[in-house]
There are 2 protein chains.
Amino acid sequence: MIAVRNLVRTYLMGAIEVHALQGVSFDIQRGEFVAIMGPSGSGKSTLMNLIGCLDTPTAGSYRLDGLPIERLDAVLLAAVRNTKIGFVFQQFHLLARHTALENVALPLAYRGGMSRAERLERAATALERVGLGDRKDHRPHELSGGQQQRVAIARALVTRPALLLADEPTGALDTHTSAELMELLVDLNGSGMTIVLVTHEPDVARHARRLLEIRDGLLMHDSAAIVA
Amino acid sequence: MIAVRNLVRTYLMGAIEVHALQGVSFDIQRGEFVAIMGPSGSGKSTLMNLIGCLDTPTAGSYRLDGLPIERLDAVLLAAVRNTKIGFVFQQFHLLARHTALENVALPLAYRGGMSRAERLERAATALERVGLGDRKDHRPHELSGGQQQRVAIARALVTRPALLLADEPTGALDTHTSAELMELLVDLNGSGMTIVLVTHEPDVARHARRLLEIRDGLLMHDSAAIVA
Ligand SMILES: Nc1ncnc2c1ncn2[C@@H]1O[C@H](COP(=O)(O)OP(=O)(O)OP(=O)(O)O)[C@@H](O)[C@H]1O
Ligand SMILES: Nc1ncnc2c1ncn2[C@@H]1O[C@H](COP(=O)(O)OP(=O)(O)OP(=O)(O)O)[C@@H](O)[C@H]1O
Ligand SMILES: [Mg+2]
Ligand SMILES: [Mg+2]
């Protein structure tokens with residue numbers, strides 16, 4: 001499903017170059033459950049944005065279901081994102097002037113084929129599944145940090161994407177809520193969803209079946225590589 | 001230093017009342033190191049905002065160094081915040097159009113008594129202490145999640161406040177960086193800083209010497225209360 005080859009991402013700040021990703025390569029098959037760990041600033045979110053078609057690499061290649069992502073234009077990239085990927089952002093990126101329900105329903109509008117009432121109903125179900133049934137009409141600033149994170153998770157799951165990319169999805173959650181979320185993800189993976197999850201918590205990573213360790217923009221260790 | 005009595009905070013949303021804090025009472029002496037834990041949505045950030053003079057209670061009283069906070073006007077509240085308190089927000093709240101250095105230097109401008117050069121130098125030292133010496137000129141969107149969190153921490157510490165309030169300060173940090181931060185906080189507490197820290201991680205909470213557990217807006221357990 002995912003084929004990454006020598007992926008590089010450099011940020012240019014005037015005369016300074018920040019080598020956020022310095023050439024990483026790996027494959028992820030459909031149905032895998034992969035955890036990515038590494039120090040703060042090591043390039044994890046940068047890698048996730050590239051895999052999620054939210055950013056284009058400086059060099060290297062990335063194929064998603066055979067599509068050469070680095071060669072697609074903005075319109076095609078948006079279409080790929082909307083149809084294949086659910087993304088939980090490290091900073092949530094909820095729309096401030098919309099309720100939790102409207103935020104979660106939004107990705108369904110891009111897909112089409114549903115009435116507004118059907119979208120809102122499916123969004124309500126997604127919010128209940130993360131324990132926020134009674135917070136549907138709150139706007140982001142009327143929610144706690146962990147509640148905002150769960151809205152971001154519900155939004156990523158509402159389209160039942162083939163690929164879920166979650167960037168530190170339990171960062172603001174207490175142990176109990178975090179454990180519940182991991183059970184949900186294990187279930188979804190069990191019914192076929194491919195999951196790539198960045199985390200710095202070992203208790204979260206252990207639910208995955210493979211671990212990629214990133215340090216200084218490089219893939220230092222791939223647990224799948226041991227079983228050569 | 002902190003005396004909270006029957007503190008209540010209710011949010012009004014049209015016809016709906018959200019009882020975020022339902023009457024909590026406790027004292028915190030100068031020099032204590034207190035951890036606050038509890039489920040997502042239980043009222044921890046609401047309590048921190050009240051203690052940090054960023055919000056006023058619906059009912060109850062709060063005295064900070066003898067000052068009746070619920071009776072102060074906005075000007076006095078701002079003065080109290082700027083002179084006594086350093087606050088690490090759960091959502092960071094960095095200024096987007098300013099560099100890390102400028103963000104960290106800002107609280108020093110409110111205090112006065114320093115030249116701009118001195119403020120920038122002290123801000124640079126604060127950033128180095130959290131491992132971000134080489135990220136001074138980056139703006140928030142040019143920083144990783146954990147780097148933004150550390151800028152927020154440096155900003156809270158730069159004025160050497162008597163009281164540090166940290167709302168989930170390790171949420172975006174890897175285990176190693178998180179451990180380094182906790183060592184720094186233990187040091188600062190050892191030299192007299194009073195610290196109140198919200199966390200959902202037991203490994204972070206164990207550095208404190210007292211634990212307050214919040215659930216559904218109520219103080220369910222105070223480890224200091226056992227030693228009656
Ligand atoms: N402005 C607001 N209007 C309405 N309800 C609010 C508002 N802010 C917070 N709430 C609600 O008040 C409750 C307490 O929120 P608070 O942010 O204090 O929780 P918390 O313990 O910090 O949670 P977390 O661990 O997820 O950060 C939550 O249920 C939240 O939905
Ligand atoms: N827009 C940008 N411009 C310049 N440098 C950037 C930009 N975005 C990120 N960086 C830098 O690139 C490096 C990698 O950032 P990235 O966000 O991928 O780290 P991360 O592994 O996700 O860290 P964290 O665990 O703290 O979230 C960091 O050192 C960061 O400062
Ligand atoms: Mg990141
Ligand atoms: Mg909170």
Side-chain angles (χ1 to χ4, degrees), chain A residues 11-16 18 20 37-46 48-49 89-92 94 99 130-132 134-150 167-168 170-181 198-203 205 213-215, chain B residues 11-16 18 20 37-46 48-49 89-92 94 99 130-132 134-150 167-168 170-181 198-203 205 213-215:
Chain A
Y11 295 110
L12 300 167
M13 299 175 62
I16 300 170
V18 179
M37 296 184 88
S40 174
S42 56
K44 306 179 298 297
S45 295
T46 299
M48 291 289 269
N49 290 337
F89 295 93
Q90 189 170 8
Q91 318 276 353
F92 315 160
L94 300 176
T99 62
V130 294
L132 291 178
D134 62 351
R135 287 287 182 271
K136 297 204 280 287
D137 302 320
H138 286 231
R139 287 177 171 71
H141 70 273
E142 296 165 333
L143 294 169
S144 77
Q147 290 169 344
Q148 290 177 34
Q149 187 155 49
R150 283 181 278 161
D167 197 345
E168 306 207 25
T170 65
L173 302 181
D174 58 274
T175 321
H176 176 71
T177 313
S178 178
E180 285 184 337
L181 172 68
V198 171
T199 183
H200 57 255
E201 298 189 48
D203 270 357
E213 292 177 58
I214 307 281
R215 176 180 290 276
Chain B
Y11 295 110
L12 299 168
M13 299 175 63
I16 300 171
V18 179
M37 297 185 88
S40 174
S42 55
K44 307 179 298 297
S45 295
T46 299
M48 291 289 270
N49 290 337
F89 296 94
Q90 189 170 9
Q91 317 277 353
F92 315 158
L94 300 176
T99 62
V130 293
L132 291 177
D134 62 352
R135 287 286 181 272
K136 296 204 279 289
D137 303 320
H138 286 232
R139 287 177 171 71
H141 69 274
E142 296 166 333
L143 293 169
S144 78
Q147 290 168 343
Q148 289 176 33
Q149 188 156 47
R150 282 181 278 161
D167 196 344
E168 307 207 27
T170 64
L173 302 181
D174 58 274
T175 321
H176 177 72
T177 312
S178 177
E180 286 184 335
L181 172 68
V198 171
T199 184
H200 58 256
E201 298 191 48
D203 270 358
E213 292 176 59
I214 307 282
R215 177 179 290 276

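Worth saying up front: this structure is predicted, and the values here are computed from it rather than measured. Note that these values count all heavy atoms, side chains included, but never hydrogens, waters or copies made by symmetry. To find a chain, count down the sequence lines: A is the first, B the second, and so on, and within it residues start at 1.
Ranked by non-hydrogen atom pairs under 4.5 Å with chain A, the options B/Gly38, B/Gly146, B/Gly43 are led by B/Gly146. Your options are A/Gln149, A/Lys44, A/Gln148, and the one with the most heavy-atom pairs under 4.5 Å with chain B is A/Gln148. Per-residue counts of heavy-atom pairs under 4.5 Å with chain A were compared for B/Gln147, B/His138, B/His176, B/Met37; the largest is that of B/His138.
At a threshold of 4.5 Å between non-hydrogen side-chain atoms, the residues B/Val18 and A/Glu142 do not count as touching.
For A/Asp167, no part sits under 4.5 Å from any heavy atom of chain B, backbone or side chain. At a 4.5 Å heavy-atom cutoff, the contact between B/Thr170 and chain A is made by backbone atoms alone. For B/Gln91, the part lying near chain A is the side chain, with the backbone staying farther off; criterion is any non-hydrogen pair under 4.5 Å.
Residues satisfying the side chain to side chain contact (heavy atoms under 4.5 Å, CB included) test with B/Thr177, not counting sequence neighbours, are A/Ser40, B/Arg150, B/Leu173, B/Asp174.
Taken to the nearest 0.5 Å, the CG atom of B/Asp203 stands 10.0 Å off from the CD atom of A/Glu201.
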